[in-house]
Amino acid sequence: MTTHQIKVALGDRSYAVLVGHGVINQLETMLPKSAKRAVVITQKNVALQPKLKIPSTTIVIGDGEEHKNMQTIEMIAEKFAEFGLTRNDVVIGVGGGMVTDIAGFAAASWHRGTAVVHVATSLVGMVDAAIGGKTGVNIAQGKNLVGAFWQPSGVICDLDALETLPQREMRCGLGEVAKYHFLTGDDLLALEMSERIARCVEIKARIVAADERESGGRALLNYGHTLAHALERSSNFSLAHGEAVAVGMIFAAHLAHAMQRIGTPRVEEHYRVIGETYGLKVKPDEKIERRELIDLMHHDKKAVSGLTFVLDGPSGIEIVSGVAEAHLMQAFDAMQLNEK
Ligand code: GLY
């Protein structure tokens, strides 16, 4: 069976992403030579678990975004200390995006930086979250507001994990795949699964290599995410990330239209690709409250000079700052969301 190996080119911090069936068996090759012991961070329903030759212990963190917080990091750090994890050892995050974000942040903070390897077991993790070194946790004011850039030493995307992935989580992953569709124009659904994931990893690896710390082009990976993060928070995370990204891209299309950056056919294309091709919901079932969403969007990490969105336009998708609330209102009107 084909294994794809994609390099994230970051000089002496470059690393490989392996995509294929059974690639978890190659995990040992990604561990730093200095590692004498490992701490695996995972969740209870994660399908794959590594078999390690070096001594290890496993920390199982809670399911659900309410556990993606500083308390979990503190709990993990205390377990690292009890186990005697040193800076030469390794942390292994095994799970979806929440696990790898937390494992990455715990590793970044432990002794001011300990190696981490990610084993992504969800589609969102494989095509996005586990790649590129963004780590972090939520606070009451917003998602992922506390974190660090900390590149892994390697990433494993073992397709065996997808065989038992719940349908809803697969759909969430498709929300991120649809994002790459709009960023590149690639017909990703035409590819078979391992090719599709490898292609998404290649797109992301190229963007991260060019702008590791999001001072420019990497921010495009947040297409649909400004509203998505606010929707996730306001729904108390009953709306999952990928579902919210799908709705967020529809909103971004209406916003770009309200700002006369794109015409109606391009908005319709968003509905066709997201709703029909990818089969994703184009608006949430839950009722929303505009004011609450706008307030949450003001706390977005991108909002350094007023409300900031990634928007489509005549020169393609780009960052747009200082978006007027009047345009947001027009976009909300056009989406005909159920309002509280
Ligand atoms: N998930 C967006 C990024 O890694 O930049």
Side-chain angles (χ1 to χ4, degrees), residues 6-10 13-15 17 19 65 68 93 95-105 107-108 116 118 120-138 142-152 154-155 157 169 172-184 188 197-233 237 239-249 252 297 299-304 308-311 317-319:
I6 301 108
K7 180 176 173 183
V8 183
L10 290 165
R13 290 171 301 111
S14 297
Y15 55 95
V17 180
V19 179
E65 285 277 331
K68 193 180 178 187
M98 176 177 153
V99 170
T100 54
D101 277 11
I102 286 179
F105 187 40
V116 65
H118 295 313
T121 61
S122 70
L123 187 54
V124 174
M126 293 181 192
V127 299
D128 186 35
I131 325 277
K134 276 193 183 174
T135 74
V137 294
N138 308 332
K143 254 186 80 105
N144 300 333
L145 292 187
V146 184
F149 285 99
W150 188 245
Q151 296 297 339
V155 179
C157 301
E169 286 199 42
C172 282
L174 287 179
E176 294 288 354
V177 178
K179 174 186 82 180
Y180 292 118
H181 171 108
F182 286 106
L183 292 182
T184 62
L188 296 159
I197 292 173
R199 178 72 191 121
C200 292
V201 172
E202 266 167 29
I203 297 167
K204 178 147 188 188
R206 204 184 53 234
I207 292 174
V208 169
D211 176 26
E212 181 184 5
R213 293 195 163 229
E214 201 168 300
S215 44
R218 182 167 181 167
L220 301 184
L221 291 169
N222 295 319
Y223 191 45
H225 283 55
T226 311
L227 182 72
H229 285 163
L231 280 171
E232 283 176 81
R233 288 246 347 120
F237 298 103
L239 197 66
H241 180 66
E243 295 167 332
V245 168
V247 176
M249 288 188 288
M297 288 192 282
H299 285 293
D300 190 86
K301 290 190 290 312
K302 292 183 292 311
V304 280
T308 302
F309 283 81
V310 181
L311 293 179
I317 292 179
E318 56 194 8
I319 315 293

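Below, all heavy atoms of this structure are taken into account, side chains as well, without hydrogens, waters or symmetry copies. Whatever order the structure lists ligands and atoms in, that order sets their numbers, starting from 1.
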Nearest non-hydrogen protein atom, atom 5 (O) of ligand 1: R218 NE, 2.7 Å

Minimum-distance protein heavy atom relative to atom 4 (O) of ligand 1: K204 NZ, 2.5 Å

salt_bridge(K68, D101) N-O dist < 4.0 Å: yes

Minimum-distance pair of heavy atoms, taken over all atoms of G142 and R233: CA-CD, 3.7 Å

Ligand 1 versus H225: contacting region, heavy-atom distance under 4.0 Å: neither

Backbone or side-chain N or O of K179 under 3.5 Å from ligand 1 N or O: no

Heavy atom of E176, distance to ligand 1 below 4.0 Å: no

Test of proximity, K134 against ligand 1: N or O pairs below 3.5 Å: yes

K143 bridged to E232 by N-O distance under 4.0 Å: yes

Side chain proximity check, H225 to V310, heavy atoms < 4.5 angstrom: no

Main-chain N/O of G147 paired with T135 side-chain donor or acceptor, under 3.5 Å: no

